[in-house]
Structures are given as C-alpha cells and as structure tokens.
There are 2 protein chains.
Amino acid sequence: MKKKIAPIVHEPHLVKDAVKLVKSYPTVPLTIDCVIFGFEENELKVLLIKSDLEVYKDKYSLLGDIVKDNEELDDAAYRVLKERTGMNDVFLDQVKAFGHPHRHPGGRVITVAYCSLLNINHHELKIHDNELNWHSVSALQGMAFDHKEIVDASYQWLQKRIQEHPLGFNLLPEKFSLRELQNLYEAILGVRLDRRNFRKKFASMDLLIDIDEMEQDVPHRPGKLYKFNFEKYEKRKRTWIGIDF
Amino acid sequence: MKKKIAPIVHEPHLVKDAVKLVKSYPTVPLTIDCVIFGFEENELKVLLIKSDLEVYKDKYSLLGDIVKDNEELDDAAYRVLKERTGMNDVFLDQVKAFGHPHRHPGGRVITVAYCSLLNINHHELKIHDNELNWHSVSALQGMAFDHKEIVDASYQWLQKRIQEHPLGFNLLPEKFSLRELQNLYEAILGVRLDRRNFRKKFASMDLLIDIDEMEQDVPHRPGKLYKFNFEKYEKRKRTWIGIDF
DNA sequence: ACAAAAGTGTTCCGACTACACCCATGA
DNA sequence: TCATGGGTGTAGTCGGAACACTTTTGT
C-alpha cells in the first residue's frame with residue numbers, strides 16, 4: 001500500500017527554470033476525503049462525522065484532512081484512516097478528484113476522494129468527538145460540502161469494483177459464513193442473488209478456506225465458516241478477470 | 001460535458017470560520033494533464049510535446065496546464081484540449097490524480113490526468129511549437145515527469161473502459177468500415193479477434209448505421225461503410241452493461 | 001412439532017468460440 | 001489470373017439462470 005517516496009535529486013543548475021516555473025503557478029488548498037465503508041446489520045454503512053463549520057451545523061461530513069507537505073496522496077488518506085479507526089492494513093484506493101470552485105464555502109479547496117473498506121467490528125473508533133458514527137448508505141441526507149456527491153461516486157465505484165475483484169472480504173470478519181457473504185453482495189449491489197448459484201460461484205473461484213468451524217448461537221441450523229484466501233488471491237490478481245454476477 | 005458552476009452563496013457571517021479555516025490550509029500548485037489518444041496506421045497514438053524544461057531536454061510530455069482560479073477541473077482539461085487541437089465535442093474523462101511530492105523537479109505539483117479520444121484526421125494541430133506530435137503508445141520512451149506512469153494508467157483505464165462502452169468510435173472517422181473498427185479494438189486491447197464473431201457482436205448491438213456506401217480506392221474488395229449511432233447509444237447508456245470481448 | 005436457514009444438482013438457454021468457403025475489386 | 005481482404009453460417013461448448021427438497025439446529 002505505502003509507496004516509498006523516491007528521493008529524486010536533480011542537478012541544481014538544471015532545475016532552476018523548473019523551480020521558477022512552479023513558483024509562478026497559482027496554488028490551491030488540497031485535501032483528501034475518505035469514504036470509509038463498513039457492513040453491519042446487513043446494510044452498507046459509511047463513517048461520518050458532524051461538521052465543525054457553522055454553515056454546515058448538524059450536517060455530516062466525510063473524514064478528511066489536508067495533504068501535508070511532502071506527503072503522498074495515498075499516505076494522507078491512510079493517515080486519516082489510521083488516526084480515526086486505529087486500523088492498519090485496510091483496503092484503500094483512490095476514487096476521484098473533486099474540484100468544483102465553490103465546493104467549500106470557505107474558498108476553493110480541491111479534494112481527492114478515497115474509498116476504504118473495513119470490518120466494523122474489528123476496530124474501535126478512536127476519537128468519538130463530533131459524533132463520529134456509522135450511517136446507512138441508502139439513507140444519507142444532510143451532508144456538508146459536496147460530500148453526498150462524493151459518497152455516491154464512491155458507492156458506484158465500489159459496486160463496479162466488487163464485481164471485478166472480491167473486495168467484499170475486507171468488510172467481513174475473518175471468519176464468515178456463505179450467508180453473510182451473500183448478504184454483503186446483495187446489500188452492496190442492491191439485488192437478490194440465487195443462493196445455490198452464489199455458492200457455486202464462490203466454490204468455483206476456490207478462494208475460500210474451509211476452517212471446519214460452524215456458526216455458534218444461531219437460532220437455526222448453523223452454517224460452516226470460511227476464511228478468505230488472501231494469499232491465493234494476491235497471486236492470482238494479475239490475471240484476474242472478474243466475478244460477473 | 002461542461003457543467004455549470006453553481007453560484008453558491010452562503011450567509012457571510014456563517015462562513016467566516018470556513019474562510020478562516022481554508023486560509024489556514026497549506027496550498028499546492030494544481031495542474032491537469034491530457035492524455036489525448038488517436039488512432040492512425042493501425043496503432044494507438046498519444047499526443048505529446050517536447051518539454052520546455054532544461055532538466056527534461058529532449059523528453060516528451062503530455063499537454064497540460066495549470067487550473068485557473070474558479071475553473072472546474074473538467075473545464076481546464078477541456079480548455080487545453082481545445083487550445084491544442086481546436087476540437088469541440090471531444091470525449092474527455094478524468095482518470096486519476098497524481099501527487100507524488102517529487103513528481104515535478106521544480107517543487108510539488110499535483111496533477112489530475114484526463115483521458116481524451118479523438119480522430120486524428122478530424123483536426124489540425126493548432127500549435128506546432130515544441131514538436132507537438134503523435135507518438136505510438138506501444139513504444140513510448142524518454143518521457144518527462146511521471147508522464148509515462150500517467151500514460152500507462154490512462155491506457156489501462158482505456159482498455160477497461162472500451163470493453164464496457166463503445167468509446168472506440170471517438171477515434172474513428174465518421175464513416176468507417178468494420179475492418180477499421182476491428183483493427184482499432186485489436187490495437188487497443190492488444191489481441192486478435194475473430195472477424196466473424198466481431199461482426200456478429202456489433203451487429204447484435206445494433207449501434208451501427210448502414211449508410212449504403214462503400215470504401216473507395218482500396219486494393220481489394222471494398223467494404224461497407226457505417227456510422228455510429230451516437231443517439232441510440234446515449235439513450236441506452238444508462239442501462240448499458242458491457243461489450244465483453 | 002415447528003420455524004428457520006443450511007446444504008445440494010439438474011436442466012435450459014443464451015452467448016462465445018472455432019472454423020472454411022465464395023465474392024468483389026484492383027493490379 | 002492473382003492477391004487481398006469482404007462477407008457469411010453452423011456446430012460445439014461453457015457458463016449463468018432458474019428452480020425444490022432434505023437436513024440440522026434451537027425453541
């Protein structure tokens with residue numbers, strides 16, 4: 001995930017014009033915003049916080065921050081994620097840059113949106129100020145800035161990506177049943193899937209490890225539990241074609 | 001393509017803290033870079049210019065510019081496109097933001113990459129300074145900044161997108177033969193396709209208009225010419241699924 | 001016993017693949 | 001007449017979609 005920042009060094013006399021050129025450029029504030037998705041009670045959720053700003057009193061906003069000097073965009077997003085959720089090794093990917101001149105009431109601010117997937121139960125929210133909390137994606141309202149637009153774009157991005165790569169596992173506990181997996185896909189894609197076909201599909205992908213355990217404390221016949229074979233997927237990723245529901 | 005910039009006006013006393021906040025943010029120079037693809041001699045090409053900078057003497061760079069105050073990112077990209085190619089109504093879409101702290105030797109510059117598709121023969125390069133010219137995508141070398149990386153990302157983006165939407169028509173003349181269309185897909189995807197199956201696929205999509213003309217001056221049996229039914233595609237776009245070679 | 005979800009196979013159909021011959025034109 | 005690519009159909013295969021009954025557990 002984290003890329004090293006290569007210490008590129010150019011001959012000083014050669015870069016003088018480049019430095020001069022860049023100094024002549026207008027500049028804008030740059031931020032990142034994280035669209036952090038979670039899955040709970042068979043619903044896709046997103047992590048939001050109450051806005052600090054008076055214009056957006058009682059509105060919700062994404063977790064974001066400025067990008068620091070010398071900080072990679074990816075690293076900035078990862079930093080915010082870690083500060084807020086305490087979690088490492090979380091799925092994170094850039095979605096899109098948003099640059100409407102009036103998207104921020106305080107003046108022009110460019111933001112780069114990142115999409116992140118994490119298991120709600122695997123972390124505790126580190127900072128509970130400003131009512132940091134999970135919100136159902138299907139019923140969002142009262143969002144600050146253009147954050148509704150950003151969430152919508154990220155959600156569409158996710159719907160597409162999850163059909164190409166098995167990202168869903170990032171949202172589930174380490175051990176999960178096929179029913180939970182199916183509920184997840186149904187919730188994200190907003191469709192109902194045939195149970196037998198769903199199971200066949202994942203069986204044929206051969207990315208589930210049967211850990212020989214069963215669900216506990218369910219009021220019905222317990223299902224088998226599986227782990228996701230991340231290692232196998234990583235190896236196969238380069239030639240991955242898609243899931244195709 | 002061009003979105004109106006909504007004149008959002010907030011109560012002045014409410015935005016004071018927002019303005020103050022934004023003023024406290026560090027700022028960075030922001031540019032856009034256009035990866036302009038064309039198709040010529042059965043090869044995918046990209047429009048490049050010699051770099052102005054001494055460090056990148058004799059290296060090629062993408063067409064880019066700073067984003068102006070109050071200018072939408074999309075509009076900035078479109079402006080560059082129009083300035084350089086003189087063309088309107090060109091396909092243009094955002095690919096990704098690049099923000100490596102040392103990607104520009106003159107200091108930190110963030111850029112947002114845009115992908116554009118146009119018909120090489122439908123335009124004349126407006127400005128021929130700095131050896132503005134078309135280069136084969138498959139043999140790029142000696143590129144300035146991180147522009148190779150940007151072109152690679154855009155090319156991959158294109159390969160994916162062209163399998164989901166019939167974007168290829170943007171690269172062809174108004175009238176084209178099925179052979180030309182197939183050559184285009186083969187060049188972009190880097191595969192060979194079965195001619196009969198290819199024709200069947202496009203026939204079944206029903207997006208080609210038979211204009212009842214034939215190729216001229218070809219040293220073999222002339223093929224029929226078609227137009228792309230942009231109108232029909234636009235109507236159908238919302239429910240578009242994919243092309244799937 | 002009942003409720004609730006787990007687990008499992010088969011048939012059908014549509015889509016993609018592979019493949020070969022005749023046709024129209026220019027040289 | 002030859003070289004070049006245009007134009008066409010069919011059989012086989014693979015994968016997705018539809019679909020119902022038995023099993024296991026808790027109450």
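Bear in mind that the values here come from a model prediction, so they are computed numbers and not experimental data. Letters go in sequence order (proteins before strands), and every chain restarts at 1. All values below were derived from every heavy atom in this structure, side-chain atoms included, with hydrogens, water molecules and symmetry-related copies excluded.
- Under the 6.0 Å cut-off for aromatic ring centres, A/Y185 and A/F202 qualify, their centroids lying closer than that.
- Counting only residues at least two apart or on different chains, no salt bridge (charged side-chain N to carboxylate O under 4.0 Å, His left out) pair has a member in residues 132-143 of chain A.
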Which atoms of nucleotides 13-16 of chain D (N or O only) lie under 3.5 Å from a protein N or O atom, and what are those distances?
residue : atom : partner : partner atom : Å
D/dG16  : OP1  : A/K201  : NZ           : 3.0

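- The environment of B/E234 atom CD is dense: over 12 non-hydrogen atoms of other residues, nucleotides or ligands sit within 6.0 angstrom.
- Cation-pi geometry between B/K82 and B/Y78 is not met: the NZ or CZ atom fails to fall both under 6.0 Å from the ring centre and inside 45° of the normal.
- Between the CZ atom of B/F198 and the P atom of D/dG7 there is a distance of 13 Å, rounded to whole Å.
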Atom pairs under 3.5 Å: protein N/O with N/O of nucleotides 2-8 of chain C:
residue : atom : partner : partner atom : Å
C/dA6   : OP2  : A/R179  : NE           : 3.1
C/dA6   : OP2  : A/R179  : NH2          : 3.2
C/dA6   : N7   : A/R195  : NH1          : 3.4
C/dA6   : N3   : A/R221  : NH1          : 3.2
C/dG7   : OP1  : A/K224  : N            : 2.9
C/dG7   : OP2  : A/R199  : NH2          : 2.4
C/dG7   : O5'  : A/R199  : NH2          : 3.1
C/dG7   : N7   : A/R195  : NH1          : 2.4
C/dG7   : O6   : A/R195  : NH2          : 3.2

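- Distance check: A/F230 CZ to A/K235 NZ gives 15.0 Å after rounding to the nearest 0.5 Å.
- Considering A/R195, A/K200, A/R199, A/K201 in turn, A/K200 is the only one that fulfils the side-chain hydrogen bond (donor to acceptor under 3.5 Å, both in side chains) rule with A/N197.
- A/D194 has its CG atom 11 Å from the P atom of D/dA20, to the nearest Å.
- At least one donor-acceptor pair under 3.5 Å links the side chain of A/Q159 to the backbone N or O of A/I188.
- Rounded to an integer number of Å, the gap from CG of B/D217 to P of D/dT4 is 19 Å.
- Atoms NZ (A/K200) and P (D/dA18) sit 12 Å apart, rounded to a whole Å.
- Using cut-offs of 30° and 60° for the angle between ring planes, the A/H165 and A/Y233 rings count as perpendicular.
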